[in-house]
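Computed from a prediction, not measured in an experiment: that's the story for all the values here. What's counted below: heavy atoms across the whole structure, side chains too, no hydrogens, waters or symmetry copies.
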Amino acid sequence: MLADPWLTGPAFNRGWSLLVPTPRGAANFEQVTHIWISHQHPDHFSPRDLRAIPPELRAKITLLYQKTRDRRVVAACKALGFAQVRELPKRRWIALSDHVSVMTDSILEDSWLAYKTPDAVFLNVNDCVIEDERTVAKIRRAVGAVDVLLSQFSYANWVGNPDEIELQRGAARLRLDYLVRQIQGLRPRFVVPFASYVYFANTENWYLNEQMNRVETVVERIGEQTSAQPIVLFPGDTWNVGQPRDNAQAIAAYAHEREERLKAGAPYEPLAVTREQIESSINAFYGRISRKMAPLLRAYPLKTRVYVTDLDLVVELSFKGFNVRSDPASAAQADLETSADNLLFALKTPWGGEALWVNARFRTRNFQQLKRFFNFFRVADITERPGTTIPWFIWRALPGVLRALHFATIGRFRKEVS
């Protein structure tokens, strides 16, 4: 089974890259029977890499995905030539063979997967934000005893502007706290730190690499505060579960790769985009959402203002319409500052606005302004989803829902890091 095969190239609009290139031959698709996709983000659901699988093998491989209402990822996988796409129900063991069963559940739009074999139970929590004892206990009740836990260990999104160093350090500490909490609650015998061997690869977000957690720090923290044994695997490594492992070589290899990447500098920079391209994409964006927009939404007060740094333009977006102009006074009050090609990405790509939070290619003045931008694109994304028809009374309730969502995510993040 392959889990979330992002194997080549950048992700999040040239915002991320793999810290270590995938070794040649590491993914032997002829031996793969199943591929599990945890969620829709491009470092997990990578159409480019799925398309690289020979068509005759795509037809044989069973692709696993969580059951969702919009079925957008399922439809995309079928369009890619995966004839066998299996939607997994939540919190039920599903047999894949006589010896392997899996169980999944979601936290927001991310999902985790447990594998049960005659020898061990593995839990891949991936990007799920599991930060409190109650959630951990709920997973343990569903899955049972866990032998091997696989979890991320560093921040993977925007955590402040370049001068907000303490915010970034706090986010890194908080991520380690979450990992320790998971280990203490699930009590696995082994922990494989993973899913954080990436780096911010664009000139707009390059500064965020400095405070990211290193795997050697993670190993030290696991040893100090838990009874689990950390297992560090470098791309191409294998490990037989239960066997002793010396992590020194893998840790040294990661340190070398990180030093080489930082020494080389950011491999990507914003692409040149014209004002005409921005306006055309905005028109297409409104054309998509207006087909399903409830009449009440057009009177909805939600709006955002973006300053496009390389074109010196202010873009105002609301559900009544848009405005693009040069206006220094408005630029100083913008919710977000970013390059034209990054705004273009948010407008053209499904989940594009949400993905900007992850690619971190922007600046903002405060969390209130940040909230306005992401709330606008969150509603737009809901509107665009296939099969979504939202009654007027839901739209009326959205301001309260969005305030609650903000408190539960950005607001809590800010409070805990502080």
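- Here Arg305 does not pair with Asp335 in a salt bridge; the nearest charged N to carboxylate O distance is not below 4.0 Å.
- The backbone N or O of Tyr155 sits nowhere less than 3.5 Å from a side-chain atom of Arg175 that would complete a donor-acceptor pair.
- We find the CG-CG distance between Asp119 and Asn240 to be 10.5 Å, quoted to the nearest 0.5 Å.
- Here salt bridge (Lys or Arg N to Asp or Glu O under 4.0 Å) pairs that include residues 216-242, with residues two or more places apart or in two chains, are Asp177-Arg221, Asp237-Arg245.
- You'll find the side chain of Arg214 reaches within 4.5 Å of the side chain of Arg258, heavy atoms only.
- Nearest heavy-atom pair, Gln182 versus Ser151, reported as atom, atom and distance to 0.1 Å: OE1-OG, 2.9 Å.
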Would you give me the side-chain donor-acceptor pairs under 3.5 Å for residues 23-37, sequence neighbours excluded?
unit_1: Asn28; atom_1: OD1; unit_2: Glu30; atom_2: N; d: 3.3

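- In terms of the side-chain contact (heavy atoms from CB on, under 4.5 Å) criterion, residue partners of Ala142 (sequence neighbours excluded) are, by chain and number, Arg91, Met103.
- Annotation: ring pair (Phe, Tyr, Trp, His ring centres under 6.0 Å) contacts involving residues 89-140, sequence neighbours excluded, are absent.
- Between Ala156 and Trp16, the shortest heavy-atom contact is O-CZ2, 3.3 Å.
- The shortest distance between side-chain heavy atoms of Arg187 and Arg140 falls below 4.5 Å.
- Proximity of Pro42 to Arg48: side-chain heavy atoms (C-beta onward) are nowhere separated by under 4.5 Å.
- Checked by atom type and distance alone, the side chain of Asp43 never pairs as donor or acceptor with a backbone atom of Ala11 at under 3.5 Å.
- Between Leu80 atom CG and Leu63 atom CG the span is 9.0 Å, to the nearest 0.5 Å.
- Inter-residue side-chain proximity for Pro188 and Val148 is flagged as unmet; no heavy-atom pair is nearer than 4.5 Å.
- Panel note: side chain Thr304, backbone Leu317; no donor-acceptor pair is recorded below 3.5 Å.
- Note: Leu64 CG to Leu2 CG = 11.0 Å, rounded to the nearest 0.5 Å.
- Taking each heavy atom of Ala360 and Phe200 in turn, the nearest pair found is CB-CE2, 4.1 Å.
- Considering all non-hydrogen atoms of both residues, Ala171 and Val159 come closest at CB-CG1, 3.5 Å.
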Tyr178/Val125 under side-chain contact (heavy atoms from CB on, under 4.5 Å): CA gap, chis, key distance, verdict: CA-CA 12 Å; Tyr178 292 163; Val125 302; over 6 Å; no
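- Within the 3.5 Å criterion, the main-chain N or O of Gly242 finds no donor-acceptor partner in the side chain of Arg189.
- For the residue pair Asp127 / His44, a side-chain donor-acceptor distance below 3.5 Å is found, with atom types taken as modelled.
- Qualifying side-chain hydrogen bond (donor to acceptor under 3.5 Å, both in side chains) partners for Arg363, counting only residues two or more places apart in sequence or in other chains: none.
- Between Trp206 and Glu269, the closest side-chain pair of non-hydrogen atoms is not below 4.5 Å.
- Remark: the backbone N or O of Leu7 is paired with a side-chain donor or acceptor of Thr22 at under 3.5 angstrom.
- Every residue two or more places apart in sequence or in another chain was checked for a side-chain hydrogen bond (donor to acceptor under 3.5 Å, both in side chains) with Arg58, and none qualifies.
- A perpendicular orientation is assigned to the rings of Phe367 and Trp158, their planes being inclined by more than 60° (bins at 30° and 60°).
- Listed for the Thr117 side chain is a donor-acceptor partner under 3.5 Å among the backbone atoms of Ala120.
- The minimum heavy-atom distance between Arg86 and Ile94, with the atom names listed, is NH2-CG2, 3.0 Å.
- To the nearest 0.5 Å, atom OG1 of residue Thr309 and atom CZ of residue Phe362 are 13.0 Å apart.
- By the side-chain hydrogen bond (donor to acceptor under 3.5 Å, both in side chains) test, Asn213 is found to be paired with no residue, residues two or more places apart in sequence or in another chain being considered.
- With hydrogens and angles ignored, the 3.5 Å screen pairs no side-chain donor or acceptor of Ser280 with any backbone N or O of Glu276.
- In this structure Ser196 satisfies the side-chain contact (heavy atoms from CB on, under 4.5 Å) test together with Gln152, Phe153, Ser154, sequence neighbours excluded.
- For the pair Val315 and Leu343, the minimum side-chain heavy-atom distance is below 4.5 Å.
- Remark: side-chain polar atoms of Glu354 are not paired, donor with acceptor, to backbone N or O of Phe374 under 3.5 angstrom.
- Within the structure, ring pair (Phe, Tyr, Trp, His ring centres under 6.0 Å) pairs that include any residue of residues 230-273 comprise Phe190-Trp239, Tyr197-Tyr254, Phe234-Tyr254 (at least two apart or interchain).
- Put simply, the residue from Arg71, Gln66, Lys67 that forms a side-chain hydrogen bond (donor to acceptor under 3.5 Å, both in side chains) with Glu87 is Arg71.
- Counting heavy atoms of neighbouring residues, nucleotides and ligands inside a 6.0 Å radius, atom CD of Glu164 exceeds 12 of them.
- Between Glu337 and Tyr307, the side chains place no donor N or O within less than 3.5 Å of an acceptor N or O (distance only, hydrogens not considered).
- With hydrogens and angles left out, the side-chain atoms of Asn126 and Asp4 include a donor and acceptor closer than 3.5 Å.
- A tilted orientation is assigned to the rings of Phe377 and Phe373, their planes being inclined by 30° to 60°.
- Asp310 pairs by the salt bridge (Lys or Arg N to Asp or Glu O under 4.0 Å) definition with nothing, not counting sequence neighbours.
- Val215 places none of its side-chain heavy atoms less than 4.5 Å from the side chain of Asn247.
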Apply side-chain contact (heavy atoms from CB on, under 4.5 Å) to Asp105 and Ile139, showing your working. CA-CA 9 Å; Asp105 197 5; Ile139 294 172; over 6 Å; no
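- Proximity of Leu50 to Phe45: side-chain heavy atoms (C-beta onward) are separated by under 4.5 Å at one or more points.
- Here the CD-CD distance, from Gln225 to Gln184, works out to 6.5 Å after rounding to the nearest 0.5 Å.
- Atom OG1 of Thr226 and atom CZ of Arg181 lie 14.0 Å apart (nearest 0.5 Å).
- Scanning both residues, Phe376 and Leu302, for their nearest heavy atoms gives CA-CD2, 3.7 Å.
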Identify every side-chain donor-acceptor pair in residues 260-267 under 3.5 Å, counting partners at least two apart or on other chains, and give the distances.
unit_1: Arg261; atom_1: NE; unit_2: Leu19; atom_2: O; d: 3.1
unit_1: Arg261; atom_1: NH2; unit_2: Leu19; atom_2: O; d: 3.4
unit_1: Arg261; atom_1: NH2; unit_2: Glu257; atom_2: OE1; d: 2.9

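- For Gln211, the side-chain hydrogen bond (donor to acceptor under 3.5 Å, both in side chains) partners two or more places apart in sequence, or in a different chain, are Arg169.
- Counted by atom type alone, Asn342 and Asn13 present one or more donor-acceptor pairs between their side chains at under 3.5 Å.
- Here the side chain of Asn202 pairs no donor or acceptor atom with the backbone of Asn205 at under 3.5 angstrom.
- Proximity of a side-chain donor or acceptor of Asp341 to a complementary backbone N or O of Ala272 within less than 3.5 Å is not detected.
- Classification of the Tyr286-Phe322 ring pair by plane angle, with boundaries at 30° and 60°, yields parallel.
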